[in-house]
Structure formats: structure tokens, C-alpha cells
Trainee: 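I'd like to ask you about the structure that follows.
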Amino acid sequence: MNNKLPIIIAATVVVIIGVIIAAVVSGGGDSDSGDAGGRRDAPLAGQDPVAMLETAVSAVKVTSKTPSKAAISYDEIDAAIELPPIDTAYPVVAEPSRKDIIIEVWTSPEKGGTGVESWMRDMAEEFNGANQTVDGKSVGVRLRSISSGTQLDYIIPSVAVPDAISPSASFWADMLQAEGVRTECINPRIVGNVAGVLISKSTMDTLAQTYGTADIKAIVSATEAGTITAGYTNPFASTSGLNFLAAALYNYDSTNPLSEAAVSGFNAFQYNVPFVAFNTMQMRDAAENNTFTSMILEYQTYYNTPDLKNNYEFIPYGVRHDNPLYTIGNISEEKKSAVKLFNDYCMTDKAQKSASDYGFNQLDDYTSGIPATDGKTWLQIQKLWKKQKNATKPIAAVFVLDTSGSMAGEPLKLLKDSLTNSLKYINSSNYIGVISYGTDVNVDLPIAQFDINQQSYFQGAVDGLLANGTTATYSAVAKAVLMLNEFMETNPDVQPMIFLLSDGLSNGGATYNAVAPALEYYRIPVYTIGYNENIPELETIAALNEATCINATTDDVIYKLKNLFNANL
């Protein structure tokens with residue numbers, strides 16, 4: 001392989017997870033279809049999956065290394081290093097020209113995208129061309145489309161701070177205030193929206209028959225009972241995901257989502273959730289394969305997707321997503337007046353009619369389904385989720401690391417730095433192992449609980465990586481599956497996963513076709529972090545079992561891995 005500097009391609013639409021967009025949900029199916037890992041009931045066309053994997057591994061030399069420890073730093077990572085540059089990751093979508101006063105506004109993507117998700121983008125462009133003034137000075141809006149949770153990641157450490165934000169829901173601003181960031185509400189609702197659970201009509205009927213009504217309480221109860229499988233996204237990034245988490249916790253304790261009863265109930269619920277989706281595409285794939293029989297999304301998306309409206313029911317939950325507008329920090333009175341002027345423009349009859357045409361301002365009779373919750377509690381709900389989401393069914397994961405010749409130099413350094421940073425986002429209750437590969441395969445670290453001892457060995461394995469040789473990707477992945485299967489013989493109650501960091505090229509060892517049937521058989525998701533040699537092949541590997549492929553620039557791979565591990569580990 002030629003030495004090339006891999007560039008991880010930027011992910012689209014969501015950051016991690018951003019705001020929920022279109023999803024397709026399949027209803028029904030037996031409970032086994034929701035397993036995140038484990039054997040299928042159906043035979044593998046007469047083939048022995050273990051033999052297939054062993055044959056793939058036998059194509060290369062396998063060495064079990066003696067693990068060595070390395071010092072671990074638990075110091076806080078500088079957010080300026082962890083976050084990608086704002087202009088690279090979230091370029092301006094509406095830019096004024098030759099204005100005396102320019103206000104920068106960050107909007108959630110369902111308002112700042114394209115097509116039916118471009119309402120605020122349209123408003124900003126119209127406003128910029130409408131000769132708006134404050135005290136005789138011309139005014140313009142610079143607009144960026146950034147998911148609500150990611151807005152906080154930039155603002156709290158002051159990596160980048162806009163003049164105003166319009167997140168999907170008000171609780172993000174409450175969380176900013178709890179973190180000491182000054183906010184002022186200019187408008188509690190620019191356009192109305194509601195989060196909801198999408199289920200098939202047949203599932204709706206079954207819930208109504210079993211629980212008397214089909215609402216969020218019935219959905220949580222049915223998920224706990226294992227009769228349906230709920231799909232939701234990372235609550236650190238997704239408004240719908242965090243809202244759903246809060247609704248589930250309040251279902252178990254209507255006054256305190258952090259109580260012992262709420263936590264105990266959530267653990268029972270979470271045990272039957274196959275996985276928390278990294279992004280909307282992963283949820284869509286899981287729904288199409290019947291892994292999820294219920295999904296979350298916003299009504300505006302539902303409204304604009306006829307197939308969903310015709311075949312699935314929308315059950316609202318949690319707080320409303322009314323897209324408020326806030327100023328941030330100590331902006332000048334002049335800029336505050338400009339923000340108010342933009343708000344007034346967005347609230348005209350013409351603008352609101354446009355919003356309604358785009359699917360906003362629907363379900364106005366729906367009121368919040370949970371009690372008023374302050375910003376500190378919302379932050380604690382996030383932390384509780386991170387701590388408890390794998391408490392009853394931990395993850396067993398093998399990191400498969402490409403150390404072939406093309407990874408020499410900066411690419412391998414990037415891989416090491418990103419894993420070192422991401423170490424602190426892996427719960428200690430999970431089980432972690434490490435494989436590296438080039439021409440041959442090395443078992444650098446056997447699977448064990450990720451306690452302080454294993455963390456030190458993990459860091460030692462990462463520090464010891466060297467790049468050389470060809471690329472035996474599929475032999476390495478086959479070895480990882482065999483390791484997980486062996487581990488699960490004595491630890492059956494875990495969720496197996498593989499994280500493959502590679503440029504996607506494979507020119508040694510087993511082929512994709514030699515291992516793909518066995519990978520499908522065992523249903524172990526392979527999350528891929530892809531360097532831009534052969535991204536489509538990595539996407540194919542990830543799609544086998546409803547995982548996801550992260551394509552990111554070298555600037556934001558550290559941030560993307562942080563979010564991936566927050567969602568899964």
C-alpha cells in the first residue's frame with residue numbers, strides 16, 4: 001500500500017447526532033429480532049460460522065502480545081483541541097453583505113438545512129435583503145446550522161460563541177444557564193414543534209388493548225416487558241433523545257427523575273433497548289430490519305413524509321420543541337435590538353404561514369408531558385444516562401486498529417491521540433479488548449472489565465502501535481468476533497460490539513466475502529471510523545449489522561469518537 005495521509009470525511013446532517021430527521025419504522029417481529037448480538041435462529045446456508053471465521057484468521061499469523069501498562073491522564077481535555085473548527089464543521093448557511101451590524105445566530109438543523117428544513121435559513125436570507133435597520137444602521141444575520149447539543153459544546157467552554165441561538169427546545173438554554181452562561185429569552189416560541197414516538201398502526205392497537213391507551217407510558221412499559229423495542233438517539237446531542245430519556249425517567253417517578261425508583265425503572269427499560277443510535281441513519285437501518293419497533297422523531301419531519309403519515313402513528317411525548325430564541329452573553333444593546341428585529345421578522349403572518357407550510361406550528365394543543373425541569377436537573381439526567389445506560393447489560397467491545405504501512409506518520413498519531421482522548425468516555429462497567437493488524441494480526445489486549453487496571457493496559461496498547469505491512473482487515477475482524485464469542489461463553493449477558501479504525505483498504509489475509517456471512521450470522525455490529533481510502537467498503541461493513549460509519553475530517557475525528565463512545569460505551 002502507498003503511504004497516504006488519510007482524511008476522515010465530514011459527517012453530514014447530524015453531529016453526533018443532531019436533531020432527529022426522517023426515519024422508517026417496522027412494526028411487529030419476535031423479541032429475538034431485537035438482539036444487538038448473538039446467533040440468529042436461522043441456519044447459515046449449511047455453513048459453519050465458526051469454521052468460516054477460523055479459516056479467515058488462519059490466513060495470517062496471529063500473535064498474542066504481553067500487555068504493558070502506561071500512565072493515564074485524567075486531566076480535562078482542552079475543548080479547543082477536542083472540537084473541530086467551527087467554520088470547517090459548521091459553515092455559514094446565510095451571510096449578509098455590507099451591513100453595519102451583523103448578528104451571528106445558531107439554529108438547529110430542522111430550521112437551517114435545505115428543502116422543508118430551511119425555514120430559518122429562508123428567513124435570514126430574506127431579512128438580509130429587506131434593508132432592515134437599527135438606529136439608522138443596516139442589519140444582517142449570519143446563520144449557522146448546528147444541532148442543539150453541539151451548540152452547548154462550543155458555547156460553554158467559549159470555543160465559539162454566537163450572539164443568539166435558536167435550539168429545538170428551551171431546556172438547552174436552561175442547561176447553559178446552569179453552567180454559568182448568561183442567556184436572555186427573546187421569544188419562547190418562534191415556530192412550534194413536538195417530539196413523538198412513531199409506531200405502526202398494528203402496534204398502536206396492541207398497546208391500546210394491553211395498557212388501555214397508547215402513550216409514552218405504554219411504550220416505556222412495553223419496552224420494559226420486551227414486547228416492543230424502543231429506538232432513540234444520544235441524549236448529549238439530540239433534543240429528541242434527551243427529551244425521550246427525561247420522559248422515560250419521569251414515567252417511573254413523576255416528581256423526581258433522579259430518584260432511586262426512576263433509576264431502577266430506567267435500568268429495566270434500558271435492558272431491552274438494543275442500542276442507542278449514533279445518528280438517524282443508524283436508527284433508520286435498525287427500523288428497516290425490525291430491530292426497533294418504535295422510533296422517535298419530530299412532528300415536522302412526520303408531517304413532511306407521506307409514507308410515514310399513511311402507515312404509522314405519532315405519539316407525542318415530553319416537553320414541546322418550540323424553537324425559542326435567546327441572546328448569549330453580554331452582547332451590546334445594539335446587537336440585542338438587531339436580534340429582536342430578526343425575531344419580529346420571523347413572527348410576521350407571512351413568515352409564520354411559511355413555517356406552517358414547512359410542517360411547523362402543528363399539534364398546538366399538545367402541552368408538556370413532564371413537569372417543569374431546571375437546567376441543573378437536565379444536566380444530571382445526561383450524567384445519569386451515561387453512568388446507567390449499560391449498568392444492567394454492559395458492552396463487550398474489541399477495538400480493531402489498522403497499523404498497516406499507509407497509517408505511518410500523522411495518520412497513526414491521529415488514531416492514537418483520538419483513542420487516548422476518548423478513553424475517558426468509556427464506562428468502567430464495560431469490557432474492552434484491543435487487536436492491531438497490518439500483514440499479521442496482534443491481540444494486544446484480551447477482553448476484560450475496563451477498570452483502572454484495564455484502562456492502563458489499553459493506553460499501553462495504544463502507545464505501542466507501530467505502522468508497517470499490508471492490510472489484513474477481515475482476518476482481524478474475524479479474530480475479534482471469535483474473541484467476543486469466547487468471552488460471551490462465560491459472560492453471556494453483555495452486548496458485543498467491534499470498533500474498526502481503518503482506511504478501508506484490504507490487500508492481505510481473508511476477503512470481505514469470506515467473513516461477511518459469519519458477521520451477519522452473529523449480529524455483532526462493527527462501527528467503522530474511516531480514513532478516506534475506501535469509505536464505501538467501511539460503510540458496507542458497518543451496514544451489515546446496523547452499525548454506523550464515521551466519516552470525519554482530521555480536524556474533528558476526536559470529537560466524533562467522543563460522541564460515538566458517549567452513545568455506545
Side-chain angles (χ1 to χ4, degrees), residues 36-39 49-65 67 275 394-404 407 415 419 426 430-450 454 457-458 461-462 465 471-492 494-504 506 508-530 537-538 540-550 561 564-565 568-569:
R39 294 178 175 83
V50 173
M52 293 179 69
L53 294 170
E54 289 177 342
T55 299
V57 172
S58 69
V60 299
K61 178 183 177 182
V62 178
T63 301
S64 294
K65 292 188 172 182
F275 56 83
I395 300 297
V398 176
F399 284 77
V400 180
L401 310 177
D402 183 352
T403 57
S404 59
M407 298 293 288
L415 183 150
L419 286 177
I426 302 175
N430 293 324
Y431 299 85
I432 303 296
V434 177
I435 285 176
S436 63
Y437 70 95
T439 301
D440 299 317
V441 171
N442 301 305
V443 178
D444 298 276
L445 184 62
I447 302 169
Q449 186 172 351
F450 205 59
Q454 187 75 348
Y457 281 128
F458 181 91
V462 171
L465 296 174
T471 316
T473 298
Y474 297 109
S475 291
V477 170
K479 180 60 179 176
V481 175
L482 291 174
M483 283 176 62
L484 286 166
N485 282 347
E486 181 179 0
F487 181 79
M488 292 176 68
E489 288 178 1
T490 54
N491 300 271
V494 297
Q495 289 181 284
M497 292 183 182
I498 294 172
F499 294 90
L500 171 63
L501 282 73
S502 171
D503 58 15
S506 180
T511 65
Y512 171 81
N513 290 334
V515 300
L519 290 176
E520 284 191 284
Y521 178 82
Y522 285 109
R523 286 192 172 180
I524 297 175
V526 182
Y527 292 84
T528 58
I529 296 87
E537 185 155 351
L538 291 175
T540 299
I541 301 167
L544 277 174
N545 293 311
E546 300 157 4
T548 190
C549 176
I550 294 180
L561 283 181
L564 177 65
F565 295 166
N568 289 282
L569 296 173

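Computation of the quantities below employed the complete heavy-atom set of this structure, encompassing side-chain atoms and omitting hydrogens, waters and symmetry-equivalent molecules.
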Trainee: Could you measure the distance from the CG atom of Leu53 to the OH atom of Tyr521? Nearest 0.5 Å is fine.
Mentor: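 It is 11.0 Å, given to the nearest 0.5 Å.
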
Trainee: Donor-acceptor pair, Glu54 side chain versus Ala478 backbone, under 3.5 Å?
Mentor: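 It does not hold such a pair.
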
Trainee: Are the side chains of Phe499 and Val398 in contact, using a 4.5 Å heavy-atom criterion?
Mentor: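 SC-SC contact between Val398 and Phe499 ruled out.
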
Trainee: Tell me the closest heavy-atom pair linking Tyr457 and Leu445, and the distance in Å.
Mentor: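 Heavy atoms only, the tightest pair is CB-CD1, 3.4 Å.
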
Trainee: I'd like to know if the side chain of Gln454 reaches the main chain of Ile432, judged simply by a donor and an acceptor atom lying under 3.5 Å from each other, with no hydrogens or angles considered.
Mentor: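 Such a contact is found between Gln454 side chain and Ile432 backbone.
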
Trainee: Could you pull out the closest heavy-atom pair between Ala510 and Ala59, with the gap in Å?
Mentor: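 Shortest heavy-atom contact: N-CB, 4.1 Å.
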
Trainee: Quick check for you: to the nearest 0.5 Å, what is the distance between Leu415 atom CG and Ile529 atom CD1?
Mentor: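 Leu415 CG to Ile529 CD1: 8.5 Å, rounded to 0.5 Å.
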
Trainee: One pair to check against side chain to side chain contact (heavy atoms under 4.5 Å, CB included): Ile395 and Val494. What are the steps and the verdict?
Mentor: CA-CA 5 Å; Ile395 300 297; Val494 297; over 6 Å; no

Trainee: Which distance, rounded to the nearest 0.5 Å, do you find between the CZ of Phe565 and the CG of Asn430?
Mentor: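 The CZ atom of Phe565 sits 11.5 Å away from the CG atom of Asn430.
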
Trainee: Measure the shortest side-chain to side-chain distance between Val441 and Val400 over non-hydrogen atoms and say whether it is less than 4.5 angstrom.
Mentor: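 No. Closest side-chain heavy atoms not under 4.5 Å.
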
Trainee: Is the Tyr431 ring parallel, tilted or perpendicular to the Phe487 ring (thresholds 30°, 60°)?
Mentor: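 Rings of Tyr431 and Phe487: tilted, as their planes differ by 30° to 60°.
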
Trainee: In chain order, what residues pass the side-chain contact (heavy atoms from CB on, under 4.5 Å) check against Ala472, with sequence neighbours excluded?
Mentor: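 Ala472 satisfies side-chain contact (heavy atoms from CB on, under 4.5 Å) with Val60, Ser475 only.
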
Trainee: Is there a side-chain contact between Tyr437 and Ser502, using heavy atoms and a 4.5 Å cut-off?
Mentor: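 Touching, per the 4.5 Å side-chain cut-off.
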
Trainee: Please evaluate residues Ile524 and Leu519 with respect to the criterion side chain to side chain contact (heavy atoms under 4.5 Å, CB included), reporting the C-alpha separation (whole Å), side-chain torsions for both, the decisive distance (0.1 Å), and the verdict.
Mentor: CA-CA 7 Å; Ile524 297 175; Leu519 290 176; 6.0 Å; no

Trainee: What residues form a side-chain contact (heavy atoms from CB on, under 4.5 Å) with Asn442, not counting sequence neighbours?
Mentor: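 Thr63, Lys65, Ser436, Asp444.
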
Trainee: Would you say that Val62 contacts Val57 through its side chain, given a criterion of any heavy-atom pair below 4.5 Å between the two side chains?
Mentor: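 Yes, at least one pair of side-chain atoms sits under 4.5 Å.
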
Trainee: In Å and rounded to the nearest 0.5 Å, what is the CZ to CD1 distance from Phe399 to Ile435?
Mentor: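 That separation rounds to 12.0 Å.
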
Trainee: Given Val443 and Val434, is the side chain to side chain contact (heavy atoms under 4.5 Å, CB included) satisfied, shown in steps?
Mentor: CA-CA 6 Å; Val443 178; Val434 177; over 6 Å; no

Trainee: Below 4.5 Å, heavy atoms only, C-beta onward: do Pro496 and Met488 meet side chain to side chain?
Mentor: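 Pro496 reaches Met488 side chain to side chain.
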
Trainee: Walk me through whether Tyr474 and Ile541 qualify under side chain to side chain contact (heavy atoms under 4.5 Å, CB included).
Mentor: CA-CA 10 Å; Tyr474 297 109; Ile541 301 167; 3.4 Å; yes

Trainee: Is there a side-chain contact between Asn545 and Val526 in this structure, where contact means two heavy atoms from C-beta onward sitting under 4.5 Å apart?
Mentor: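 No, side chains not in contact.
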
Trainee: Check the surroundings of atom CD in Glu486: do more than 12 heavy atoms from other residues, nucleotides or ligands lie under 6.0 Å from it?
Mentor: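 Check fails, neighbour count at 12 or below.
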
Trainee: What's the spacing between Ile498 CD1 and Lys479 NZ if we round to 0.5 Å?
Mentor: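 One finds 12.0 Å between CD1 of Ile498 and NZ of Lys479.
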
Trainee: Could you tell me whether the side chain of Tyr512 reaches within less than 4.5 Å of the side chain of Ser506, counting heavy atoms only?
Mentor: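 No; the side chains remain at least 4.5 Å from each other.
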
Trainee: Look at the side chain of Asp402 and the backbone N and O of Leu501, then say whether any donor-acceptor pair between them is shorter than 3.5 Å.
Mentor: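 It does not hold such a pair.
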
Trainee: Can you tell me how far CG of Asn491 sits from CD of Gln449, rounded to the nearest 0.5 angstrom?
Mentor: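 Going from CD on Gln449 over to CG on Asn491, the span is 10.0 Å.
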
Trainee: Does some side-chain heavy atom of Leu500 sit less than 4.5 Å from a side-chain heavy atom of Tyr527?
Mentor: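 No, their side chains stay 4.5 Å or more apart.
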
Trainee: Short question: side chain of Thr528, backbone of Leu538 - any donor-acceptor pair under 3.5 Å?
Mentor: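 Between the backbone of Leu538 and the side chain of Thr528 there is a qualifying donor-acceptor contact (under 3.5 Å).
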
